[in-house]
Each structure stands twice: as structure tokens, then as C-alpha cells.
Novice: 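Below is the structure I would like to discuss, written out as C-alpha cells.
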There are 2 protein chains.
Amino acid sequence: MKQPDATRLVDVAAAAGVSLATASRAMTGGTGVSDELAEHVRAIAERLGYVPNLHARGLAGGLVSSIGLVVHEIGDPYFAEIASGVLHRASLAGQSVQITHADRDPRSELTQVNALMMQRVGSIIIAGSGYTDPALEAPLGDALAQYRTRGGRVAVIGRHHLDVDAVLPDNHAAGVSVATHLTGLGHRRIGVIAGPLGLNTVSDRLDGLRSVFDSTGVHVTVVSHSFTREGGIDGTNALLDRGSPVTAMVALNDAMALGVLRALRQRGMRVPEDVSVAGFDDIAVVSDVAPALTTARIPMAEMGAQAVALILRAEADEPRRISMGHELIVRASTAAPPD
Amino acid sequence: MKQPDATRLVDVAAAAGVSLATASRAMTGGTGVSDELAEHVRAIAERLGYVPNLHARGLAGGLVSSIGLVVHEIGDPYFAEIASGVLHRASLAGQSVQITHADRDPRSELTQVNALMMQRVGSIIIAGSGYTDPALEAPLGDALAQYRTRGGRVAVIGRHHLDVDAVLPDNHAAGVSVATHLTGLGHRRIGVIAGPLGLNTVSDRLDGLRSVFDSTGVHVTVVSHSFTREGGIDGTNALLDRGSPVTAMVALNDAMALGVLRALRQRGMRVPEDVSVAGFDDIAVVSDVAPALTTARIPMAEMGAQAVALILRAEADEPRRISMGHELIVRASTAAPPD
DNA sequence: TATAGTGACGAAAGCGCTTACGAAAGCGCT
DNA sequence: AGCGCTTTCGTAAGCGCTTTCGTCACTATA
């Protein structure tokens, strides 16, 4: 674990005939150096192949300018796209990104945040739905508040109850769009395959759906399973085994919708002839499945980029929140109900 | 950028009534402390909510125990799954992972590796195909060699020409499997949609295919496009516009295969009735598309996990290479040729 | 000409930790 | 009791950088 060679800043300083302090100021673009001298030092550094030691910088300077990103599960396309957006935007700004994942375990988020804090990253972005119950958000909120007092920047994607910068998809409106589409087609008996009920994302989308269904006299049945393809399969089977006759099913995310399609196919039911299916998110693949999925598109990558933008903005004044729009993408999986 | 409070190791030492050195040894699990004293110190640290400062550790100790992962593009399911494998295995070992991406630009890999080295990460994993031409691998090889002399650990996924730990999918064998499957079905005119020809992954898979095709008297046409869904679409159109009549098409990865299916559909050609389609990788979604894709499964997540295992192994002796198997998954997209 | 004010720079004090190195204490042995 | 050995712990020297603080021209004001 040794680094035999490695030119240090003092080497650069010596070679440039200036003091260590001046070299440091020149490299960090600080004030107190004449422009020409700074330029000279930088040239020398370049020639010597000087690479700053981030640890030393972090130790001396406090937090270091890099971004820690906590995602639920990078294997999930939804989060992978968010991460992609973060990475792109961050690399534009020359910030490195450290990704950790909570493995779909909300409690693990706190652990990850602590780990990030211990690494003294300058910013933390948390991507993932929060709890509906504010009380459950409290521990994370406390940790983040403490972190902010130390100068850390924080942004969350998709959770409201934290008093920090946030970028929020309009899940309620997306729910309304999907529901309106379905009722407009004539569906009156609809099954909803939901994710874990305690999550914001789930309850917001569900509320959006319900606000339309209730006022249209739709008979809706809700089952809750894990927010995955398997959850979609299980949910579909549970719903149908219960004997609830539905003409349409909406899964609260596309991963589940994929499961729904699969389960329906296995049961010999045709989509959309026998039953329509709709989802949320518009992850990359749903346009290629058969039938192509109708879904409410959420701009995942853009949300990631916006989170970085929030963090990078000069002043850490009042927490700001950005609301993202959605777009209903109608494809082949939805049609008028049979008979 | 200040951290007002933050309990330091000396605080822990004081509270435990030991010296700073002893406290350090107790926390890092080093030798030279009695087990009971170490346990005592750790208890105090826990109670005080002590969080080690990674920068200080890195500065004092040289490299820090975390993993830097360079991927071509996390948006790509292939790399996302590899990353997922790395993350899982690393979190088991308590190592944090820093992900950077090369944005599909091989030259950018070197940049990323340099950035990682500047952060003094203890290990670097590079996921992505290398160049067929060893000369093009040289710069990266040099940087990595230097890094290793400083005590850094390196593993690459899917590239042979570097003298470091490597986990390699058996692309050649996978090519043979796919080709054998197709010729066994009776296909004699086959189109291949390849990715960039200079890449290992591409040439290995292509060689595997060719070794079978050549000995079976198959008439094969190869076109090369980008390794993406769009590349698959363009490749298919190019191939078909050229007027080469084929009864089967194999895309050198699933992303391209998805594009092939799409392009074929747009041209009104049925799969597999008019033309069979096969891919490589078995990314999560290809079992849900229509028709479900026949593909040579590569264990992406497992490869990521293995790379971490290589890096974590105690002794950094001779570079080791692990070869991963593949599995031909026959689904609905391949069938006997028409007439 | 004397005095305060300004900007550019250098000297040196840490940031929190790991790790030689040395001191002290316990052990078995002669 | 005295010897050398091992084990346990403390002292202190940095790791490479940022940043206060002070110094030293030099310019502006009276």
C-alpha cells in the first residue's frame, strides 16, 4: 500500500521556484496569486504529471467535491436510468460519483448515507421512494440535517418528507393520466397491482388512479406485492385467483407490468383483447415487449441530471424542489374492453 | 465545508483511557492489542458514534480499501448487471464502490482510471471489451502496471491483453453454440450484425460463429454497427437493403438483437417464420419480447462478483484469469428456415 | 517625505489517522 | 536474581494538502 514515486505538490512548487502555499493557490484557482505565476505553476505541474492527492485535500480542506449516490438497486432499470442521468451530468461538471445501493432495503439507506458521510463526500443524492409515514423518514432526515450543517449538499429524488432539495416526479398526475385513459376506453372493472403500500411512489400513483376511478364508478381491486417483475407475476395470480373479473390491469411500475404480461400469457389470456395492461415509468424495454406497453413515462435520466444541478448550484439557500412532468405513452397493450 | 463536531479517534482514545495508537490498532483490527482491550475501545467508539475519517486514513495509510469500477455505460443492461454483481459482492465484503463510466469511449477509460488512481482507491475493476489489437491496449496496460507497483489491485472483465487479473466470458464457445444451433435447424444463409470490429468481444464471438459456419458451408454476411439497439436496427436495414437473402440473423449482443427484431417487424417480416433471430448475453428483458429471444446467456452479475473476489483475495501473486461458461437459451425467435 | 493601505507571496500550523520505534512488563530459563 | 525473549502499549513522526497569519514590496494620500 505504498506509493513510491508520485510527484507531490511540493515537488511542483520546487520546480516552479515558488512556495508550497503559492503552488496550492495556483492549483486550486484560489486568489492571492498573480495570473501569470499561477499559469506558470500549472504548466510545471502538467509537465511533471502531478496528480493531486484527494485524501490530503479532503483532510486539509474538509469535505471533498464528489457526489455520493444512494440507489435502491442498480439492477433495476428505473434506478439504472436515474444513475445514468446523474453520472452524465456529474461528469460534465467534473465531479466523480460514488454509487452505493440499498439493496431494496430502506433501512439500509441510512447505513449507506453514513458510509458516504464518513468518506466526507461533498454531496449526497438519494434516489428512491420514501415512506408515506413521516415518522419513518425521521432518522434519515436527522442524519441529513446534521450533514448539511457540516456543509454537505443533499438532494433526494422522489421523496417529499425531507427538508432538502428534491426532484419529484408527478406520480399523482401520472396516475390520473393512466386512469383517465382506461376509463375513457370504457373499462369499469380494473385491477391494480401495487408495490409496497408504505411508499410514496405507490401511494401517490394509487391516489391519482383512485381520484379518477372513484368519480367514474369504476370497481377497483388492489393487491400489493414487491416492486419487481416477480411481484407483478404474483400479484396477477393473486388477483385472478381471487376471482375478481377485470378488463384492465394497471401495474404501479413497468417492472411489475412486465410480470403482469407474463402471468397473463401463462394463463392464456390475450392482451389487450381479453384484458388491457398499463404501467408506469417507460423503462427502455417496454416498447419492445409484446404487446408494447402503454405506460406513463417518467423522465428518469432527466431527474438524475436535475438532482445534480440542484446540488451544484452556488448557494445552498432554502431547499428547493423541482417537479417533473410525465407523459402518457399509449401503445398496444390497452384497448377497449371485450363485449 | 467545515465539520464542527465529529468525534475523532483521539476522543475515543481519551474516553477509553488508552493512547491514540492503541485506539487505532483496535479500530483497524491490527495486531498488538489484547482482544479485550480492543473490544473495549470498539464499544466506546460505538457509544460515541465515532466515524473514521477516510481521508485521514488514506493519507496516513496509502491506498484506501475501496473499489473503483469503470464501465462503458451503466445505461446498458449488460454493464448494469455486471455493476450489480460487483456492488453486491463488494457490500458483502464491506467495500464501497465508486462507479465511473467511459461513455462508450474506450479512450475515456484511461481518463477514468487516472481519476481513480488520483483518489487512491485500493482496487480498480474495468468492465468492458478491449481492443483486438494489443498495441491499442498498451497505454491502459502501462497505467495499470504502474498502479500495481504502488500496491493497487486490478481486475478486468472481458479483455485478455492486459497482464492483470481477468474474468473472461467464453465468447468463442458462445459463438459456436449459437452457430451450431442455427445450422442444426437447417439455416444456410445467415446474416451477422456485429458491433465494432476492433473489440475482443466482437471478434471472439464472430470467430466462434465462423468456425462453425465455415465448416458447414454456410453463406454468411457480416455488417458492423454500434453495439446498441439502434445499431441493430441500422445493421438490419443495411443488410437487407443490400439484398442478401438470409433465413437467420444473429446479433452479437442482445441490445442489437432487440433492434433487429424491431427492424424486421417494421419491414413486415415475421420471426421466426420468415427469419430466425439469435443474440448474446441474455439481458433481463429478452425473455419478455415478442418473440422471446434465443440467446447465449453470459453470467454478467456473476462475472462482476468474480472480479471482486479476485481483487479481494489475500495475495496479489500472479495475475489469475477466470473463465466463465455460457448457456444457450433457446426460445421462440429461432426455428427451421422457411420452405 | 512620512504614513497608511493594498496585493503577492512565504512560513508554518494543523486536518485525523497509521505506523515505525522504544519502553515497560510478563514469561521461562539458567 | 539476572538474562533474553515476547507481548502490549505509548510517543512521535509524518502522509500531502489547505489556510491563516505575517512579511515585504509597492502605491496612494497628506
Side-chain angles (χ1 to χ4, degrees), chain A residues 1-42 44-45 48-66 117-120 122 150-151, chain B residues 1-42 44-45 48-66 117-120 122 150-151:
Chain A
M1 289 296 201
K2 280 294 175 51
Q3 6 187 356
D5 33 44
T7 60
R8 294 150 306 162
L9 189 52
V10 334
D11 304 325
V12 175
V18 299
S19 77
L20 176 57
T22 303
S24 170
R25 286 188 273 255
M27 295 307 296
T28 55
T31 65
V33 218
S34 61
D35 290 346
E36 38 186 340
L37 218 200
E39 188 48 52
H40 174 231
V41 172
R42 272 185 239 113
I44 301 270
L48 261 45
Y50 168 67
V51 176
N53 182 323
L54 238 31
H55 289 312
R57 250 186 206 178
L59 224 211
L63 298 182
V64 93
S65 76
S66 72
M117 287 172 65
M118 133 168 165
Q119 308 197 26
R120 267 66 176 180
R150 297 193 193 178
Chain B
M1 288 298 198
K2 277 296 174 50
Q3 9 187 355
D5 35 43
T7 60
R8 297 152 304 163
L9 190 52
V10 331
D11 303 325
V12 175
V18 300
S19 78
L20 177 56
T22 303
S24 170
R25 285 188 273 255
M27 295 308 296
T28 56
T31 66
V33 218
S34 61
D35 291 345
E36 40 187 339
L37 217 198
E39 187 49 50
H40 173 232
V41 172
R42 272 185 240 113
I44 301 270
L48 261 46
Y50 168 67
V51 176
N53 182 322
L54 238 31
H55 289 312
R57 266 196 191 167
L59 225 209
L63 298 181
V64 93
S65 75
S66 71
M117 288 172 65
M118 137 167 163
Q119 308 198 25
R120 267 63 175 179
R150 297 192 191 176

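Only a predicted model underlies this, so the values are computations on that prediction, with no experimental measurement involved. Any value given below was found using the heavy atoms of this structure, including those in side chains, with hydrogens, waters and symmetry copies removed.
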Novice: Take the protein atom CZ of A:R8 and the nucleotide atom P of D:dG16, then report the distance between them rounded to whole Å.
Specialist: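 That distance rounds to 5 Å.
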Novice: Provide the closest heavy-atom pair for B:P52 versus A:R120 in the form atom of the first, atom of the second, distance.
Specialist: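 Reported closest heavy-atom pair: O-NH1, 3.4 Å.
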Novice: To check you understand the geometry: which heavy-atom pair defines the closest contact between A:L54 and B:Q119, and what is its length?
Specialist: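 Closest approach of A:L54 to B:Q119, heavy atoms only: CD2-CG, 3.2 Å.
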Novice: Over all heavy atoms of both residues, which pair between B:V41 and B:A16 is shortest? Give the atoms and the distance, please.
Specialist: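 That closest heavy-atom pairing would be CG2-CB, 4.2 Å.
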Novice: Looking at A:S34, I'd like to know whether one of its side-chain N or O atoms comes within less than 4.0 Å of OP1 or OP2 on C:dC9.
Specialist: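 A:S34 to C:dC9 OP1/OP2: side-chain N or O found under 4.0 Å.
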Novice: Please report the interatomic distance CZ(A:R8) to CG(A:L20), rounded to the nearest 0.5 Å.
Specialist: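 If I round to the nearest 0.5 Å, the distance is 10.0 Å.
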Novice: Whole-Å distance between C:dC17 C1' and A:N53 CG?
Specialist: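 Distance check: A:N53 CG to C:dC17 C1' gives 13 Å.
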Novice: How long is the line joining CG of B:L59 and C1' of D:dT18, in whole Å?
Specialist: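 That distance rounds to 12 Å.
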Novice: Enumerate the side chain to side chain donor-acceptor pair (under 3.5 Å) contacts for residues 12-36 of chain A, please, sequence neighbours excluded, ordered by first and then second residue.
Specialist: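 Qualifying pairs, neighbours excluded: A:S19-A:T22.
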Novice: Tell me the bend of the helix from C:dT1-D:dA30 to C:dT30-D:dA1 as the angle between end helix axes, each from five pairs, rounded to the nearest 10 degrees.
Specialist: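 About 40°, once rounded to a multiple of 10°.
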Novice: Measure the distance from CZ on A:R120 to P on D:dT18 and round it to the nearest whole Å.
Specialist: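 Answer to the nearest Å: 18 Å.
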Novice: Which whole-number value in Å describes the distance from A:Q119 CD to C:dG16 C1'?
Specialist: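 Taking atom C1' of C:dG16 as the reference, CD of A:Q119 is at 16 Å.
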Novice: To the nearest 0.5 Å, what is the distance between CG (B:L48) and CG (B:L9)?
Specialist: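 Rounded to the nearest 0.5 Å, the CG-CG separation comes out at 11.0 Å.
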Novice: The side chain of B:A56 is closest to which nucleotide in this list: C:dC17, D:dT18, D:dC9?
Specialist: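 Minimum distance to the B:A56 side chain belongs to C:dC17.
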Novice: Expressed in angstrom and rounded to an integer, what is the separation of A:L54 atom CG from D:dT18 atom C1'?
Specialist: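 Value for this atom pair: 13 Å.
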Novice: Taking all non-hydrogen atoms of both residues into account, name the closest pair between A:A45 and A:M27 and its distance.
Specialist: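 Nearest heavy atoms, A:A45 then A:M27: CB-SD, 3.9 Å.
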Novice: Take the protein atom CG of A:L37 and the nucleotide atom P of C:dG7, then report the distance between them rounded to whole Å.
Specialist: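 Distance check: A:L37 CG to C:dG7 P gives 17 Å.
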Novice: To the nearest 0.5 Å, how far apart are CG in B:L59 and CG in B:N53?
Specialist: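 If we round to the nearest 0.5 Å, B:L59:CG and B:N53:CG are 9.5 Å apart.
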Novice: Could you report the tightest heavy-atom contact between B:A26 and B:A38, atom names first, then the distance?
Specialist: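 It is CB-CA, 3.7 Å.
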Novice: Between A:L9 (CG) and D:dC15 (C1'), how many Å, whole number?
Specialist: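 It is 14 Å, rounded to the nearest whole Å.
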Novice: Hey, can you pull the residues of residues 18-26 of chain A with a non-hydrogen atom under 4.0 angstrom from DNA chain C?
Specialist: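 Contacts with DNA chain C under 4.0 Å: A:V18, A:S19, A:A21, A:T22, A:R25.
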